[in-house]
Amino acid sequence: MSSGKNLRIALVQMQVGSDKKVNLKHAEDLIRATVAKNKPDLVCLPEFFNAPYETHLFATYAETIPDGETCKFLSTLAKELKVQLVGGSIPEKDGKNLYNTCTFWSAKGELLSKHRKVHLFDVDIPNIVTYKESAALSYGKHLSYADVTSGVKAGFGICFDIQFPEMWIKYREIGCNLMIIPSAFPLKYGDLWWELYLRARAVDTQSFVTMISPARDVNGNYVAHGYTMMIDPFGKVIASAKEGEEVVVIDLDFSLVEKARKEVKLFEMRRPDLFELTVKSGQTF
Ligand SMILES: NC(=O)CCC(=O)C(=O)O
């Protein structure tokens, strides 16, 4: 549907269980249905869409990229349906190291970008959440971004990455205008911070920003918040799922990015004579 700077995007808030094959089949069914019905240009899946988000299970479910089962699945489906896919994230195995990794696939099934989560989720907040992702995973070392269509450049992050504004400021400087963040906030953390962080990053960068969550499953061991959302460059919520399984489809008009950036010239008014931000490690490939 898209031409120029408009993009139809489908955000798949899916139930994720403990059986990888069932998760892949379920993702496939939802993607096929939304492609048939809505003809999106880009479909995005949530963090850990193929496996439970539980640190003691990461090694069991981990796969290599790009030749593991899940990557083959994503590549084949993108090619067959002629749709770009953001493969949420999966546990990746590379030698002795494990990562939380997001892949982005072209409509020809080519791997265009790979983002390894840069900020691992290590928190201990009494009565809210205790989680130590770094006990199982290694840190990503790169920013990752890619062209989605002419005039649309996506910057990728995974969940906790959203809490670190400097990363997103840098993506804006690099030319990104759409920030894509597969995520799985735990319940109480989500109630406090989910929408706030999304809207903050949208106004910081004057870009579209989305987080894509698994559906909430109150019987699971790690209960994700849900509320997959898209925010516009002015910080307004323009689409939101609720808690259960849902596919959100929305058309993004990138002239809004130009409007926001023209009205308030944030990046022209910065003070590099006082502060500067330098990327020490760039894109993975
Ligand atoms: N999966 C995660 O990284 C959770 C991060 C989170 O809850 C946050 O607040 O950020």
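Since this is a predicted model, take the numbers as computed values, not measurements. Ligands are counted one by one from 1 in listed order, and the atoms in each one are counted from 1 as well. FYI, side chains are in, hydrogens and waters are out, and symmetry mates aren't considered; it's all heavy atoms of this structure.
The Pro186 neighbourhood of ligand 1 comprises atoms 7 (O), with distances under 4.0 Å to a heavy atom of that residue. Of all atoms in ligand 1, listed by their number and element, those nearer than 4.0 Å to a heavy atom of Gln163 are 8 (C), 9 (O), 10 (O).
A ring-centre distance under 6.0 Å is not found for Phe164 and Tyr197. If you look at Phe160 and Phe185, their ring centroids are not closer than 6.0 Å.
Using a 4.0 Å cut-off between a side-chain N of Lys or Arg and a carboxylate O of Asp or Glu, Glu173 and Lys170 qualify as a salt bridge. For Glu110 and Lys79, the salt-bridge test fails: no basic side-chain N is under 4.0 Å from an acidic carboxylate O.
Heavy-atom distances between Tyr53 and ligand 1 reach below 4.0 Å in at least one pair.
Around atom 3 (O) of ligand 1, the closest heavy atom drawn from Lys117, Glu133, Glu47 belongs to Lys117.
Under 4.0 Å from ligand 1, not a single heavy atom of Trp193 appears. Counting heavy atoms under 4.0 Å from ligand 1, residue Phe185 touches it through both backbone and side chain. Heavy atoms of Tyr189 found under 4.0 angstrom from ligand 1 belong exclusively to the side chain.
The nearest protein atom to atom 5 (C) of ligand 1, hydrogens excluded, is given as Cys159 SG, 3.2 Å; this is a heavy-atom distance.
Leu24 places a side-chain heavy atom less than 4.5 Å from the side chain of Glu69.
Cation-pi geometry between Arg172 and Phe267 is met: the NZ or CZ atom falls under 6.0 Å from the ring centre, inside 45° of the normal.
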